[in-house]
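Since the structure comes first, as C-alpha coordinates, the remarks are kept for the end.
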Amino acid sequence: MFVDRDDEHDPWSIDLERIQFSPYFSRLSAVTQVVSPSISGAPVHNRLTHTLKVSAIARVVALQLNTRSRRAGEGDVCNATVVEAAAYAHDLGHPPFGHLGESTLNRLARDELGLPDGFEGNAQTYRILTALDVIETAPRGLNLTAAVRAASAKYPWAPSVSHDEVERIGPPRGIRPSPDGTYRVHKYSAYDIDLADLDEARRGVDADPLRQSIEGAVMDLADDIAYSVHDVDDFYRAGILDHAPIAAEFRGWLDDVLEWRSRDDAEVRAELAPGAGLERLRRKMRRDDPWIADDEAFLAAVSDVDAEMVTDLLARPFDGSLTAERRLAAFTDRWIRRFQESARLRPLDTPRAGPVVLSASAWHHVEVLKFVHKRFVLSRPDLAIQQRGMSRILARSVRALGEWLDDDLDRARTPRRLRELIALAHEQYAALPADRRPADVERLARARGIVDYVASLTDAQAFALSEAISGRADRLWALGQRL
(Lines give C-alpha, C1' and ligand atoms only; values in the text may rest on other atoms or scores of the structure.)
Protein backbone atom coordinates (compact mmCIF):
# COMPACT_ATOMS: atom_id res chain seq x y z
CA MET A 1 0.00 0.00 0.00
CA PHE A 2 1.44 3.39 -1.05
CA VAL A 3 1.94 5.57 2.07
CA ASP A 4 4.40 8.33 1.06
CA ARG A 5 2.39 11.33 2.29
CA ASP A 6 3.41 14.97 2.09
CA ASP A 7 1.95 15.73 5.54
CA GLU A 8 2.02 13.22 8.38
CA HIS A 9 0.98 15.70 11.12
CA ASP A 10 -2.54 14.29 11.39
CA PRO A 11 -2.89 11.46 8.89
CA TRP A 12 -6.39 10.49 10.05
CA SER A 13 -7.78 13.97 9.34
CA ILE A 14 -6.24 13.72 5.87
CA ASP A 15 -8.06 10.40 5.42
CA LEU A 16 -11.33 11.98 6.53
CA GLU A 17 -10.98 14.83 4.06
CA ARG A 18 -10.14 12.49 1.18
CA ILE A 19 -13.29 10.49 1.84
CA GLN A 20 -15.46 13.60 2.21
CA PHE A 21 -14.19 15.05 -1.09
CA SER A 22 -14.54 11.79 -2.99
CA PRO A 23 -17.04 11.72 -5.91
CA TYR A 24 -18.16 8.34 -4.56
CA PHE A 25 -19.18 10.14 -1.36
CA SER A 26 -21.06 12.89 -3.24
CA ARG A 27 -22.86 10.20 -5.21
CA LEU A 28 -24.57 8.93 -2.04
CA SER A 29 -26.99 11.88 -2.14
CA ALA A 30 -28.61 10.23 -5.18
CA VAL A 31 -28.68 6.65 -3.91
CA THR A 32 -31.73 5.17 -2.20
CA GLN A 33 -31.58 4.27 1.48
CA VAL A 34 -34.90 2.36 1.54
CA VAL A 35 -37.24 4.16 -0.86
CA SER A 36 -36.86 7.10 -3.22
CA PRO A 37 -38.24 10.45 -2.01
CA SER A 38 -40.35 10.56 -5.18
CA ILE A 39 -42.19 7.43 -4.04
CA SER A 40 -43.04 8.50 -0.53
CA GLY A 41 -43.78 12.16 -1.21
CA ALA A 42 -41.74 13.03 1.90
CA PRO A 43 -38.08 13.95 2.47
CA VAL A 44 -36.86 10.47 3.40
CA HIS A 45 -33.22 9.63 4.05
CA ASN A 46 -30.86 8.84 1.22
CA ARG A 47 -27.48 7.19 1.64
CA LEU A 48 -25.76 10.52 2.23
CA THR A 49 -28.07 11.80 4.98
CA HIS A 50 -27.90 8.38 6.62
CA THR A 51 -24.09 8.49 6.46
CA LEU A 52 -23.94 11.96 8.03
CA LYS A 53 -26.07 10.76 10.96
CA VAL A 54 -23.99 7.61 11.41
CA SER A 55 -20.88 9.75 11.54
CA ALA A 56 -22.36 12.12 14.13
CA ILE A 57 -23.51 9.23 16.33
CA ALA A 58 -20.23 7.37 15.97
CA ARG A 59 -18.12 10.36 16.98
CA VAL A 60 -20.21 10.92 20.12
CA VAL A 61 -19.91 7.26 21.10
CA ALA A 62 -16.13 7.36 20.58
CA LEU A 63 -15.73 10.48 22.70
CA GLN A 64 -17.93 9.05 25.47
CA LEU A 65 -15.88 5.84 25.57
CA ASN A 66 -12.68 7.87 25.82
CA THR A 67 -14.13 10.08 28.57
CA ARG A 68 -15.10 7.06 30.67
CA SER A 69 -11.66 5.52 30.11
CA ARG A 70 -9.91 8.69 31.27
CA ARG A 71 -12.11 8.86 34.38
CA ALA A 72 -10.96 5.33 35.18
CA GLY A 73 -7.36 6.54 35.04
CA GLU A 74 -6.62 5.07 31.62
CA GLY A 75 -5.90 6.55 28.20
CA ASP A 76 -8.18 6.86 25.19
CA VAL A 77 -9.52 3.57 23.92
CA CYS A 78 -10.23 4.64 20.35
CA ASN A 79 -9.38 7.34 17.83
CA ALA A 80 -12.47 9.51 17.26
CA THR A 81 -11.20 10.81 13.90
CA VAL A 82 -10.65 7.26 12.63
CA VAL A 83 -14.18 6.38 13.79
CA GLU A 84 -15.59 9.39 11.95
CA ALA A 85 -13.68 8.58 8.75
CA ALA A 86 -14.89 4.96 8.81
CA ALA A 87 -18.46 6.17 9.31
CA TYR A 88 -18.20 8.52 6.32
CA ALA A 89 -16.84 5.65 4.25
CA HIS A 90 -19.10 2.82 5.39
CA ASP A 91 -21.76 3.06 2.65
CA LEU A 92 -19.63 4.14 -0.33
CA GLY A 93 -20.05 0.72 -1.94
CA HIS A 94 -23.83 0.63 -1.94
CA PRO A 95 -25.12 0.30 -5.51
CA PRO A 96 -28.24 1.93 -6.98
CA PHE A 97 -31.57 1.09 -5.33
CA GLY A 98 -30.34 0.23 -1.84
CA HIS A 99 -30.19 -3.32 -0.53
CA LEU A 100 -32.34 -4.51 -3.44
CA GLY A 101 -29.56 -3.43 -5.80
CA GLU A 102 -27.00 -5.22 -3.65
CA SER A 103 -28.81 -8.55 -3.74
CA THR A 104 -29.52 -8.22 -7.47
CA LEU A 105 -25.91 -7.47 -8.37
CA ASN A 106 -24.72 -10.32 -6.17
CA ARG A 107 -27.00 -12.76 -7.99
CA LEU A 108 -25.93 -11.48 -11.41
CA ALA A 109 -22.24 -11.49 -10.47
CA ARG A 110 -22.33 -15.09 -9.27
CA ASP A 111 -24.87 -16.75 -11.57
CA GLU A 112 -24.34 -14.92 -14.86
CA LEU A 113 -20.86 -13.41 -14.73
CA GLY A 114 -19.15 -16.25 -12.90
CA LEU A 115 -17.59 -14.22 -10.08
CA PRO A 116 -17.13 -16.66 -7.17
CA ASP A 117 -17.05 -13.82 -4.61
CA GLY A 118 -20.10 -12.10 -6.09
CA PHE A 119 -21.01 -8.57 -5.05
CA GLU A 120 -21.23 -7.24 -1.50
CA GLY A 121 -21.73 -3.60 -0.54
CA ASN A 122 -19.18 -3.71 2.28
CA ALA A 123 -16.55 -5.31 0.06
CA GLN A 124 -17.31 -2.74 -2.63
CA THR A 125 -16.70 0.01 -0.07
CA TYR A 126 -13.25 -1.38 0.65
CA ARG A 127 -12.57 -1.73 -3.07
CA ILE A 128 -13.48 1.92 -3.67
CA LEU A 129 -11.20 3.11 -0.86
CA THR A 130 -8.20 1.06 -1.94
CA ALA A 131 -8.52 0.52 -5.70
CA LEU A 132 -11.25 2.41 -7.57
CA ASP A 133 -11.12 5.95 -6.20
CA VAL A 134 -8.22 8.18 -7.21
CA ILE A 135 -6.00 10.92 -5.86
CA GLU A 136 -3.06 12.59 -7.56
CA THR A 137 -0.37 11.24 -5.26
CA ALA A 138 -1.16 7.49 -5.29
CA PRO A 139 -1.23 4.94 -8.12
CA ARG A 140 -4.74 3.85 -7.10
CA GLY A 141 -7.10 4.23 -4.17
CA LEU A 142 -7.13 7.02 -1.59
CA ASN A 143 -3.89 5.98 0.17
CA LEU A 144 -5.59 5.81 3.57
CA THR A 145 -3.91 4.83 6.82
CA ALA A 146 -4.11 1.25 8.05
CA ALA A 147 -6.33 2.38 10.94
CA VAL A 148 -9.02 3.87 8.68
CA ARG A 149 -8.91 1.02 6.17
CA ALA A 150 -9.24 -1.56 8.95
CA ALA A 151 -12.03 0.39 10.66
CA SER A 152 -13.97 0.55 7.39
CA ALA A 153 -14.15 -3.26 7.31
CA LYS A 154 -17.29 -4.28 9.22
CA TYR A 155 -16.75 -7.91 8.25
CA PRO A 156 -12.94 -8.23 8.09
CA TRP A 157 -12.61 -11.27 5.86
CA ALA A 158 -13.19 -12.42 2.27
CA PRO A 159 -15.49 -15.21 1.06
CA SER A 160 -12.41 -17.44 0.87
CA VAL A 161 -11.88 -17.24 4.66
CA SER A 162 -10.41 -20.45 6.05
CA HIS A 163 -12.93 -22.98 7.39
CA ASP A 164 -10.39 -24.01 10.03
CA GLU A 165 -10.03 -20.42 11.24
CA VAL A 166 -13.79 -20.01 11.58
CA GLU A 167 -14.02 -23.37 13.35
CA ARG A 168 -11.27 -22.40 15.77
CA ILE A 169 -12.69 -18.98 16.68
CA GLY A 170 -16.40 -19.59 16.11
CA PRO A 171 -18.54 -17.96 13.40
CA PRO A 172 -18.90 -14.19 13.85
CA ARG A 173 -21.83 -12.16 12.50
CA GLY A 174 -21.79 -12.53 8.74
CA ILE A 175 -20.76 -16.20 8.72
CA ARG A 176 -23.32 -18.96 9.32
CA PRO A 177 -22.96 -22.70 9.87
CA SER A 178 -24.30 -24.85 7.02
CA PRO A 179 -26.06 -28.21 7.40
CA ASP A 180 -23.09 -29.96 5.76
CA GLY A 181 -20.74 -28.84 8.53
CA THR A 182 -19.11 -26.02 6.56
CA TYR A 183 -19.76 -22.28 6.87
CA ARG A 184 -21.59 -19.89 4.57
CA VAL A 185 -20.05 -16.44 4.27
CA HIS A 186 -22.91 -14.04 3.52
CA LYS A 187 -21.26 -10.80 4.67
CA TYR A 188 -17.65 -9.80 3.99
CA SER A 189 -15.56 -6.68 3.53
CA ALA A 190 -13.08 -7.70 0.84
CA TYR A 191 -13.15 -9.49 -2.49
CA ASP A 192 -10.31 -11.92 -3.09
CA ILE A 193 -8.44 -9.39 -5.25
CA ASP A 194 -8.50 -6.82 -2.42
CA LEU A 195 -7.81 -9.20 0.48
CA ALA A 196 -4.04 -8.65 0.57
CA ASP A 197 -4.63 -4.95 1.22
CA LEU A 198 -7.08 -5.69 4.04
CA ASP A 199 -4.66 -8.17 5.61
CA GLU A 200 -1.92 -5.54 5.49
CA ALA A 201 -4.17 -2.92 7.07
CA ARG A 202 -5.18 -5.23 9.90
CA ARG A 203 -1.56 -6.07 10.67
CA GLY A 204 -1.12 -2.38 11.43
CA VAL A 205 -3.86 -2.19 14.08
CA ASP A 206 -4.84 -4.01 17.26
CA ALA A 207 -7.52 -6.44 16.04
CA ASP A 208 -7.91 -10.15 16.69
CA PRO A 209 -8.60 -12.54 13.77
CA LEU A 210 -12.14 -12.22 12.37
CA ARG A 211 -12.83 -9.35 14.80
CA GLN A 212 -13.46 -5.69 14.10
CA SER A 213 -11.05 -3.06 15.31
CA ILE A 214 -12.44 -0.92 18.14
CA GLU A 215 -13.03 1.96 15.71
CA GLY A 216 -14.79 -0.39 13.28
CA ALA A 217 -17.03 -1.69 16.04
CA VAL A 218 -18.05 1.85 17.01
CA MET A 219 -18.91 2.63 13.37
CA ASP A 220 -20.95 -0.58 13.08
CA LEU A 221 -22.83 0.15 16.28
CA ALA A 222 -23.60 3.71 15.14
CA ASP A 223 -24.97 2.38 11.85
CA ASP A 224 -27.40 0.16 13.76
CA ILE A 225 -28.50 3.04 15.98
CA ALA A 226 -29.04 5.40 13.06
CA TYR A 227 -31.23 3.25 10.89
CA SER A 228 -33.22 1.76 13.77
CA VAL A 229 -34.40 5.28 14.61
CA HIS A 230 -34.42 7.26 11.36
CA ASP A 231 -36.45 4.63 9.51
CA VAL A 232 -39.21 5.25 12.04
CA ASP A 233 -38.77 8.98 11.38
CA ASP A 234 -39.00 8.51 7.59
CA PHE A 235 -42.01 6.29 7.39
CA TYR A 236 -43.98 8.01 10.13
CA ARG A 237 -43.62 11.24 8.15
CA ALA A 238 -44.65 9.47 4.95
CA GLY A 239 -47.76 7.98 6.53
CA ILE A 240 -46.57 4.44 5.82
CA LEU A 241 -46.37 3.28 9.44
CA ASP A 242 -50.05 2.50 9.91
CA HIS A 243 -50.91 2.56 13.60
CA ALA A 244 -53.64 -0.10 13.60
CA PRO A 245 -51.70 -3.19 12.37
CA ILE A 246 -48.58 -2.26 14.37
CA ALA A 247 -50.65 -1.79 17.54
CA ALA A 248 -52.38 -5.12 16.89
CA GLU A 249 -49.01 -6.88 16.55
CA PHE A 250 -47.67 -5.45 19.80
CA ARG A 251 -50.88 -6.01 21.79
CA GLY A 252 -51.22 -9.48 20.30
CA TRP A 253 -47.87 -10.44 21.76
CA LEU A 254 -47.93 -8.47 25.03
CA ASP A 255 -51.39 -9.71 26.03
CA ASP A 256 -50.35 -13.38 25.70
CA VAL A 257 -46.64 -13.49 26.48
CA LEU A 258 -46.70 -16.77 28.39
CA GLU A 259 -48.99 -18.45 25.86
CA TRP A 260 -46.65 -17.48 23.01
CA ARG A 261 -43.64 -18.87 24.88
CA SER A 262 -45.38 -22.22 25.39
CA ARG A 263 -46.01 -22.91 21.69
CA ASP A 264 -43.65 -25.03 19.60
CA ASP A 265 -41.46 -23.59 16.85
CA ALA A 266 -43.33 -25.13 13.91
CA GLU A 267 -46.62 -23.73 15.13
CA VAL A 268 -45.17 -20.25 15.62
CA ARG A 269 -43.54 -20.29 12.17
CA ALA A 270 -46.90 -21.00 10.54
CA GLU A 271 -48.93 -18.59 12.68
CA LEU A 272 -50.39 -15.48 11.03
CA ALA A 273 -52.16 -13.95 14.05
CA PRO A 274 -50.97 -10.61 15.48
CA GLY A 275 -48.05 -11.19 17.81
CA ALA A 276 -46.53 -14.06 15.86
CA GLY A 277 -43.94 -11.80 14.21
CA LEU A 278 -42.61 -10.58 17.56
CA GLU A 279 -42.53 -14.12 18.90
CA ARG A 280 -40.52 -15.25 15.88
CA LEU A 281 -38.13 -12.34 16.52
CA ARG A 282 -37.71 -13.36 20.18
CA ARG A 283 -36.85 -16.92 19.18
CA LYS A 284 -34.45 -15.80 16.47
CA MET A 285 -32.59 -13.57 18.92
CA ARG A 286 -32.28 -16.42 21.44
CA ARG A 287 -31.13 -18.80 18.72
CA ASP A 288 -28.57 -16.46 17.10
CA ASP A 289 -27.30 -14.52 20.13
CA PRO A 290 -27.80 -16.54 23.32
CA TRP A 291 -24.89 -14.66 24.90
CA ILE A 292 -27.05 -11.53 25.22
CA ALA A 293 -30.68 -12.45 24.41
CA ASP A 294 -32.90 -12.46 27.48
CA ASP A 295 -36.67 -12.97 27.69
CA GLU A 296 -37.23 -10.32 30.34
CA ALA A 297 -35.14 -7.76 28.47
CA PHE A 298 -37.12 -8.55 25.32
CA LEU A 299 -40.41 -8.08 27.18
CA ALA A 300 -39.20 -4.73 28.53
CA ALA A 301 -38.10 -3.61 25.05
CA VAL A 302 -41.42 -4.54 23.43
CA SER A 303 -43.29 -2.77 26.25
CA ASP A 304 -41.18 0.39 25.90
CA VAL A 305 -41.48 0.55 22.10
CA ASP A 306 -45.22 -0.08 22.41
CA ALA A 307 -45.60 2.77 24.91
CA GLU A 308 -43.28 5.35 23.35
CA MET A 309 -43.63 4.64 19.64
CA VAL A 310 -46.88 2.77 18.99
CA THR A 311 -49.15 4.37 21.60
CA ASP A 312 -47.58 7.81 22.01
CA LEU A 313 -46.16 8.59 18.55
CA LEU A 314 -47.96 6.58 15.87
CA ALA A 315 -51.42 6.97 17.37
CA ARG A 316 -51.34 10.59 16.21
CA PRO A 317 -50.72 10.79 12.44
CA PHE A 318 -47.98 13.13 11.27
CA ASP A 319 -49.70 16.26 9.92
CA GLY A 320 -46.67 18.43 9.11
CA SER A 321 -47.33 20.85 11.96
CA LEU A 322 -44.61 22.23 14.21
CA THR A 323 -46.22 20.34 17.07
CA ALA A 324 -45.86 17.06 15.17
CA GLU A 325 -42.27 17.94 14.24
CA ARG A 326 -41.44 18.65 17.88
CA ARG A 327 -43.02 15.40 19.04
CA LEU A 328 -41.06 13.40 16.43
CA ALA A 329 -37.80 15.23 17.22
CA ALA A 330 -38.23 14.48 20.93
CA PHE A 331 -38.78 10.78 20.18
CA THR A 332 -35.75 10.57 17.86
CA ASP A 333 -33.40 12.52 20.15
CA ARG A 334 -34.42 10.55 23.23
CA TRP A 335 -33.80 7.15 21.66
CA ILE A 336 -30.51 8.07 19.97
CA ARG A 337 -29.14 9.56 23.17
CA ARG A 338 -30.23 6.46 25.11
CA PHE A 339 -28.46 4.16 22.68
CA GLN A 340 -25.29 6.27 22.51
CA GLU A 341 -24.93 6.31 26.29
CA SER A 342 -25.34 2.54 26.52
CA ALA A 343 -22.26 1.73 24.39
CA ARG A 344 -19.47 0.01 26.31
CA LEU A 345 -16.31 -2.02 25.85
CA ARG A 346 -16.70 -5.78 26.04
CA PRO A 347 -14.16 -8.60 26.44
CA LEU A 348 -13.91 -10.73 23.31
CA ASP A 349 -15.58 -13.75 24.90
CA THR A 350 -17.93 -14.60 22.03
CA PRO A 351 -17.41 -14.37 18.27
CA ARG A 352 -20.85 -12.78 17.89
CA ALA A 353 -19.81 -9.67 19.83
CA GLY A 354 -17.44 -6.91 18.81
CA PRO A 355 -15.05 -5.09 21.15
CA VAL A 356 -17.71 -2.35 21.59
CA VAL A 357 -21.36 -3.27 22.17
CA LEU A 358 -24.67 -1.82 23.31
CA SER A 359 -25.94 -2.77 26.73
CA ALA A 360 -28.26 -5.79 26.77
CA SER A 361 -31.28 -3.54 27.27
CA ALA A 362 -30.37 -1.17 24.42
CA TRP A 363 -29.59 -4.08 22.07
CA HIS A 364 -33.06 -5.54 22.60
CA HIS A 365 -34.64 -2.13 21.96
CA VAL A 366 -32.71 -1.72 18.70
CA GLU A 367 -33.81 -5.15 17.51
CA VAL A 368 -37.47 -4.40 18.23
CA LEU A 369 -37.30 -1.05 16.40
CA LYS A 370 -35.67 -2.76 13.41
CA PHE A 371 -38.46 -5.35 13.46
CA VAL A 372 -41.06 -2.60 12.95
CA HIS A 373 -39.20 -1.44 9.84
CA LYS A 374 -38.74 -4.93 8.41
CA ARG A 375 -42.27 -6.13 9.18
CA PHE A 376 -44.30 -3.05 8.30
CA VAL A 377 -42.22 -1.36 5.57
CA LEU A 378 -39.96 -3.81 3.76
CA SER A 379 -42.64 -6.50 3.47
CA ARG A 380 -45.19 -4.19 1.82
CA PRO A 381 -46.41 -5.51 -1.58
CA ASP A 382 -46.28 -2.05 -3.17
CA LEU A 383 -42.59 -1.72 -2.28
CA ALA A 384 -41.93 -5.25 -3.52
CA ILE A 385 -43.53 -4.47 -6.90
CA GLN A 386 -41.35 -1.40 -7.36
CA GLN A 387 -38.22 -3.27 -6.25
CA ARG A 388 -38.82 -6.00 -8.81
CA GLY A 389 -38.78 -3.33 -11.49
CA MET A 390 -35.52 -1.94 -10.14
CA SER A 391 -34.01 -5.42 -10.22
CA ARG A 392 -34.85 -5.69 -13.92
CA ILE A 393 -33.21 -2.31 -14.59
CA LEU A 394 -29.90 -3.54 -13.15
CA ALA A 395 -30.11 -6.93 -14.85
CA ARG A 396 -30.79 -5.31 -18.22
CA SER A 397 -27.78 -3.01 -17.82
CA VAL A 398 -25.36 -5.76 -16.75
CA ARG A 399 -26.39 -8.06 -19.59
CA ALA A 400 -26.33 -5.31 -22.20
CA LEU A 401 -22.83 -4.19 -21.22
CA GLY A 402 -21.61 -7.77 -21.47
CA GLU A 403 -23.16 -8.15 -24.93
CA TRP A 404 -21.59 -4.86 -26.01
CA LEU A 405 -18.14 -6.03 -24.93
CA ASP A 406 -18.70 -9.23 -26.95
CA ASP A 407 -19.52 -7.27 -30.11
CA ASP A 408 -16.36 -7.31 -32.23
CA LEU A 409 -17.74 -4.58 -34.51
CA ASP A 410 -18.78 -2.12 -31.79
CA ARG A 411 -16.60 -2.95 -28.76
CA ALA A 412 -14.44 0.14 -29.29
CA ARG A 413 -17.38 2.43 -28.48
CA THR A 414 -17.99 1.00 -25.01
CA PRO A 415 -17.55 3.63 -22.26
CA ARG A 416 -13.91 4.39 -21.57
CA ARG A 417 -14.51 4.18 -17.81
CA LEU A 418 -15.79 0.63 -18.21
CA ARG A 419 -12.67 -0.39 -20.13
CA GLU A 420 -10.44 1.24 -17.51
CA LEU A 421 -12.21 -0.63 -14.71
CA ILE A 422 -11.74 -3.91 -16.56
CA ALA A 423 -8.04 -3.14 -17.07
CA LEU A 424 -7.61 -2.39 -13.36
CA ALA A 425 -9.32 -5.65 -12.37
CA HIS A 426 -7.18 -7.52 -14.91
CA GLU A 427 -4.03 -6.14 -13.31
CA GLN A 428 -5.21 -7.26 -9.88
CA TYR A 429 -6.31 -10.76 -10.93
CA ALA A 430 -3.06 -11.31 -12.84
CA ALA A 431 -1.09 -10.42 -9.70
CA LEU A 432 -2.83 -13.00 -7.50
CA PRO A 433 -0.67 -16.00 -6.54
CA ALA A 434 -3.27 -18.52 -7.80
CA ASP A 435 -2.42 -20.39 -10.98
CA ARG A 436 -5.04 -19.03 -13.39
CA ARG A 437 -5.12 -19.38 -17.15
CA PRO A 438 -5.04 -16.10 -19.11
CA ALA A 439 -8.59 -16.79 -20.29
CA ASP A 440 -9.78 -17.03 -16.67
CA VAL A 441 -8.09 -13.74 -15.80
CA GLU A 442 -9.78 -12.09 -18.80
CA ARG A 443 -13.19 -13.46 -17.84
CA LEU A 444 -12.95 -12.49 -14.18
CA ALA A 445 -11.59 -9.02 -14.97
CA ARG A 446 -14.39 -8.31 -17.43
CA ALA A 447 -17.02 -9.48 -14.94
CA ARG A 448 -15.59 -7.45 -12.05
CA GLY A 449 -15.24 -4.37 -14.27
CA ILE A 450 -18.90 -4.56 -15.32
CA VAL A 451 -20.02 -4.90 -11.71
CA ASP A 452 -17.76 -2.03 -10.59
CA TYR A 453 -19.22 0.13 -13.36
CA VAL A 454 -22.90 -0.52 -12.66
CA ALA A 455 -22.44 -0.35 -8.87
CA SER A 456 -20.95 3.15 -9.16
CA LEU A 457 -24.07 4.64 -10.74
CA THR A 458 -26.69 6.70 -8.94
CA ASP A 459 -30.32 5.60 -9.03
CA ALA A 460 -31.07 8.08 -11.80
CA GLN A 461 -28.01 7.07 -13.82
CA ALA A 462 -28.94 3.39 -13.56
CA PHE A 463 -32.44 4.14 -14.80
CA ALA A 464 -31.16 6.34 -17.65
CA LEU A 465 -28.60 3.72 -18.73
CA SER A 466 -31.25 1.00 -18.78
CA GLU A 467 -33.64 3.16 -20.79
CA ALA A 468 -30.94 4.21 -23.26
CA ILE A 469 -29.86 0.60 -23.76
CA SER A 470 -33.50 -0.21 -24.55
CA GLY A 471 -33.43 2.30 -27.40
CA ARG A 472 -35.59 5.01 -25.88
CA ALA A 473 -35.13 7.98 -28.22
CA ASP A 474 -35.98 10.51 -25.51
CA ARG A 475 -33.12 9.16 -23.38
CA LEU A 476 -30.48 9.53 -26.12
CA TRP A 477 -28.64 12.44 -24.52
CA ALA A 478 -29.72 11.88 -20.91
CA LEU A 479 -26.45 10.24 -19.88
CA GLY A 480 -24.03 12.61 -21.58
CA GLN A 481 -20.51 12.26 -20.22
CA ARG A 482 -21.74 10.25 -17.21
CA LEU A 483 -21.03 7.08 -19.17
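Computed from heavy atoms alone, side chains included, the values below leave out hydrogens, waters and symmetry copies.
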Salt bridge [X]-[Y], side-chain N to carboxylate O under 4.0 Å:
X    : Y    : result
E102 : R107 : no
K154 : E120 : no
R413 : D410 : yes
E442 : R446 : no
R411 : E403 : no
D224 : K370 : yes
R203 : E200 : no
R338 : E308 : yes

Checking the side chain of [X] only, and the main-chain atoms of [Y] only, is there a donor and an acceptor separated by less than 3.5 Å?
X    : Y    : answer
T332 : L328 : yes
R27  : L457 : yes
R443 : G114 : yes
R202 : D208 : yes
R18  : L142 : yes
R176 : Y183 : no
R110 : P116 : yes

Going from [atom1] on [X] to [atom2] on [Y], what distance comes out if it is rounded to the nearest 0.5 angstrom?
X    : Y    : atom1 : atom2 : result
L144 : I14  : CG    : CD1   : 10.5 Å
S456 : L132 : OG    : CG    : 8.0 Å
Q124 : I128 : CD    : CD1   : 5.5 Å
F331 : M309 : CZ    : CE    : 6.0 Å
K53  : L48  : NZ    : CG    : 11.5 Å
S397 : I469 : OG    : CD1   : 4.5 Å

So [Y] and [X], do their side chains get closer than 4.5 Å, heavy atoms only?
X    : Y    : result
V229 : F339 : yes
V83  : R59  : no
E215 : N79  : yes
L278 : E249 : yes
F119 : P95  : yes
E367 : F371 : no
D289 : W363 : yes
L108 : V454 : no

Within 45° of the ring axis of Y429 and under 6.0 Å from its six-membered ring centre, is that where the NZ or CZ of R448 lies?
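Judged by the rule (NZ or CZ under 6.0 Å from the ring centre, within 45° of its axis), R448 is not positioned above Y429.
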[X] and [Y]: side-chain donor and acceptor closer than 3.5 Å?
X    : Y    : result
S359 : R344 : no
H50  : D223 : yes
T104 : S391 : yes
R396 : S466 : yes
S29  : N46  : no

Quick one: closest heavy-atom pair of A85 and I19, and the distance?
O-CD1, 3.6 Å
Would the H373 and H230 ring centres measure less than 6.0 Å apart?
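They do not qualify: ring centres at least 6.0 Å apart.
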Ring centres under 6.0 Å, that's the criterion: do Y188 and Y155 meet it?
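Not close enough - the centres of the two rings lie 6.0 Å or further apart.
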side-chain contact (heavy atoms from CB on, under 4.5 Å), paired with P96, selected from D459, V31, T458
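Running side-chain contact (heavy atoms from CB on, under 4.5 Å) over D459, V31, T458 with P96 returns exactly one hit, D459.
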Using the ring of each side chain (for Trp, its six-membered ring), is H99 parallel, tilted or perpendicular to H94, with breaks at 30° and 60°?
perpendicular
Does Y126 form a side chain to side chain contact (heavy atoms under 4.5 Å, CB included) with L92? I'd like the steps, not just the answer.
CA-CA 8 Å; Y126 198 84; L92 292 181; over 6 Å; no
Has R388 got more than 12 heavy atoms of other residues, nucleotides or ligands less than 6.0 Å from its CZ?
no
Neighbour count >12 (heavy atoms, 6.0 Å) for atom CG, D206:
no
Show the numbers, then the answer: is there a side-chain hydrogen bond (donor to acceptor under 3.5 Å, both in side chains) between D15 and T145?
CA-CA 7 Å; D15 289 353; T145 61; 2.6 Å; yes
Of the options D117, D197, D192, D452, which is the one that meets R127 in a salt bridge (charged side-chain N to carboxylate O under 4.0 Å, His left out)?
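Between R127 and the candidates, salt bridge (charged side-chain N to carboxylate O under 4.0 Å, His left out) is satisfied uniquely by D452.
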